[in-house]
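Each remark here refers to the structure printed beneath this line.
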Amino acid sequence: MGSPRLVATDLDGTALRSDGTVSPRTAAAFARVERAGATLVFVTGRPPRWMHAVAGAVRHRGLAICANGALVYDLHTEQIVKSHLIAADVLEEVVRRLREKVPELAFSVEYEGGFAHESDFRLGRWDGKAVAGLRVGTSTLTSRPCAKLLALHPRMDPDALQETVCELVGDLVTPTHSSGRALIEMSAQGVTKASALAALAEGHEITSADVIAFGDMPNDLPMLRWAGTSYAVANAHAAVLAAVDHVTAANNDDGVARILEDLYR
């Protein structure tokens, strides 16, 4: 295979180590891609507020697709340049339906400029030191458009919870998940990593056949199916391993870097 014109990679669990860092080998492989004149795009479920360290590791070059396609983020300026938000009325209806059928769910939202959560939403490691003022009631949570709505269940299997959420609100939003927790991430209807990546590629006059993509979790599946060549890391979710063209080494073994080193010599 020739060198792809665009490299799209997920971050957590894929290109990043499990501690969230970019290894020196991976950073060097990313630099090879750019020296070859190809476009490098990080396509992540992360919100922009979690991108500062990654931006620094890649010397603030390129664009990132954040929040599963809802936000396009310029790594040079560290500014959002495009948004696809869930409207407030849709947000309110989604929360109403889910709470009626699955009352144990707790909710949080990612706005363009920060996040908020209900008091019983158990924060993950990245937001464990959240400011208390971001804890709000449901009516405040759903009062303005957001990039991503998150629903957390204390016990359910993540795949089972996603199936339930799709049945209840799949006509209003696009649900997916990307962690070991029963945490469902919802974007505006039709917004996925693939939709945002396809729009970005079209702007560069690049077709899907000239794109290679890397991922590890169900939120990566639309992107991996769209790309002309798809790779899962060895530690990927079973559904991802079953869907891709190829499998590389695990994230902690620089699986993405190994492939890029072969493609961009």
Side-chain angles (χ1 to χ4, degrees), residues 1-34 36 38-46 54 57-58 62 64-66 68-69 157-160 162-163 174-185 192-198 200-201 206-265:
M1 183 180 74
S3 299
R5 294 181 61 198
L6 189 152
V7 173
T9 182
D10 174 53
L11 291 175
D12 295 287
T14 301
L16 303 187
R17 289 176 170 170
S18 296
D19 63 3
T21 61
V22 180
S23 76
R25 182 176 182 179
T26 296
F30 289 159
R32 284 190 184 205
V33 173
E34 295 195 319
T39 300
L40 174 65
V41 184
F42 300 122
V43 191
T44 178
R46 285 187 177 208
V54 174
V58 297
I65 293 170
C66 294
N68 293 329
D157 172 77
D159 293 326
Q162 179 174 334
E163 184 176 348
T174 302
T176 189
H177 74 90
S178 63
S179 73
R181 299 199 295 167
L183 179 66
I184 303 303
E185 307 166 43
T192 66
K193 289 187 174 188
S195 68
L197 183 61
L200 190 151
I206 296 172
T207 67
S208 62
D210 289 320
V211 176
I212 185 172
F214 299 85
D216 75 310
M217 289 298 285
N219 64 327
D220 296 315
L221 284 169
M223 171 179 74
L224 295 169
R225 289 169 176 151
W226 176 82
T229 304
S230 59
Y231 273 85
V233 285
N235 52 288
H237 186 284
V240 175
L241 291 169
V244 295
D245 302 317
H246 310 282
V247 177
T248 184
N251 65 317
N252 288 329
D253 295 323
D254 295 306
V256 173
R258 294 182 188 209
I259 302 304
L260 297 181
E261 288 164 355
D262 287 340
L263 290 173
Y264 301 93
R265 294 184 179 275

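Residue Ala38 comes nearest to Pro4 through the heavy atom pair CB-O, 3.7 Å, listed as atom of the first residue, atom of the second, then distance. What you find for Ile206 and Asp210 is that their closest heavy atoms are CG2-CB, 3.9 Å. Annotation for Gly215 and Ala236: closest pair O-CB, 4.3 Å, computed over non-hydrogen atoms. Nearest heavy atoms, Val233 versus Leu241: O-CD2, 3.7 Å. Of all the heavy atoms in Ala213 and Met223, the pair that sits closest is CB-CG, 4.0 Å. Here the shortest heavy-atom pairing between Asn68 and Gly45 reads OD1-CA, 3.2 Å.
For Thr176 (side chain) and Asn219 (main-chain N/O), a donor-acceptor pair under 3.5 Å exists by modelled atom type. Remark: side-chain polar atoms of Thr39 are not paired, donor with acceptor, to backbone N or O of Leu6 under 3.5 angstrom. In this structure, the side chain of Asp220 engages the main chain of Met217 through a donor-acceptor pair within 3.5 Å. With hydrogens and angles ignored, the 3.5 Å screen pairs a side-chain donor or acceptor of Ser195 with a backbone N or O of Thr192. A donor-acceptor distance shorter than 3.5 angstrom exists from the side chain of Lys193 to the backbone of Val43, with no hydrogens or angles considered.
Between the CD atom in Glu185 and the OG1 atom in Thr174 there is a gap of 12.0 Å [rounded to 0.5 Å]. Between Phe214 atom CZ and Leu11 atom CG the span is 12.5 Å, to the nearest 0.5 Å. Distance check: Leu183 CG to Ser178 OG gives 7.0 Å after rounding to the nearest 0.5 Å.
Not counting sequence neighbours, the partners of Asp159 by the side-chain contact (heavy atoms from CB on, under 4.5 Å) test are Asp157, His177, His237. In terms of the side-chain contact (heavy atoms from CB on, under 4.5 Å) criterion, residue partners of Asn251 (sequence neighbours excluded) are, by chain and number, Ser18, Asn235.
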Donor-acceptor list for residues 25-34 side chains, cut-off 3.5 Å, not counting sequence neighbours:
| from | atom 1 | to | atom 2 | distance (Å) |
| --- | --- | --- | --- | --- |
| Arg25 | NE | Glu261 | OE1 | 3.4 |
| Arg25 | NE | Glu261 | OE2 | 2.8 |
| Arg25 | NH2 | Glu261 | OE1 | 2.8 |
| Thr26 | OG1 | Ser23 | OG | 3.1 |
| Thr26 | OG1 | Asp254 | OD1 | 3.0 |
| Arg32 | NH1 | Glu261 | O | 3.2 |
| Arg32 | NH1 | Tyr264 | O | 3.2 |
| Glu34 | OE1 | Arg61 | NE | 2.3 |
| Glu34 | OE1 | Arg61 | NH2 | 3.4 |

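Remark: of the listed residues Thr9, Thr44, Asp216, Asp216 is the sole one forming a side chain to side chain donor-acceptor pair (under 3.5 Å) with Thr14.
Side-chain atoms of Ile212 and Ile259, non-hydrogen and from C-beta on, do get closer than 4.5 Å to each other. Between Val247 and Tyr231 there is no side-chain heavy-atom pair separated by less than 4.5 Å. Within the 4.5 Å cutoff, the side chain of Val41 has no heavy atoms near those of the Val7 side chain.
Between the side chains of Thr229 and Asp245, no donor N or O sits under 3.5 Å from an acceptor N or O.
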Passes side-chain contact (heavy atoms from CB on, under 4.5 Å), Val211 versus Arg5? Steps please.
CA-CA 6 Å; Val211 176; Arg5 294 181 61 198; over 6 Å; no
Should Arg258 and Asp253 be marked as a side-chain contact (heavy atoms from CB on, under 4.5 Å) after you check the CA-CA gap, both sets of side-chain angles, and the distance that decides it?
CA-CA 9 Å; Arg258 294 182 188 209; Asp253 295 323; 3.9 Å; yes
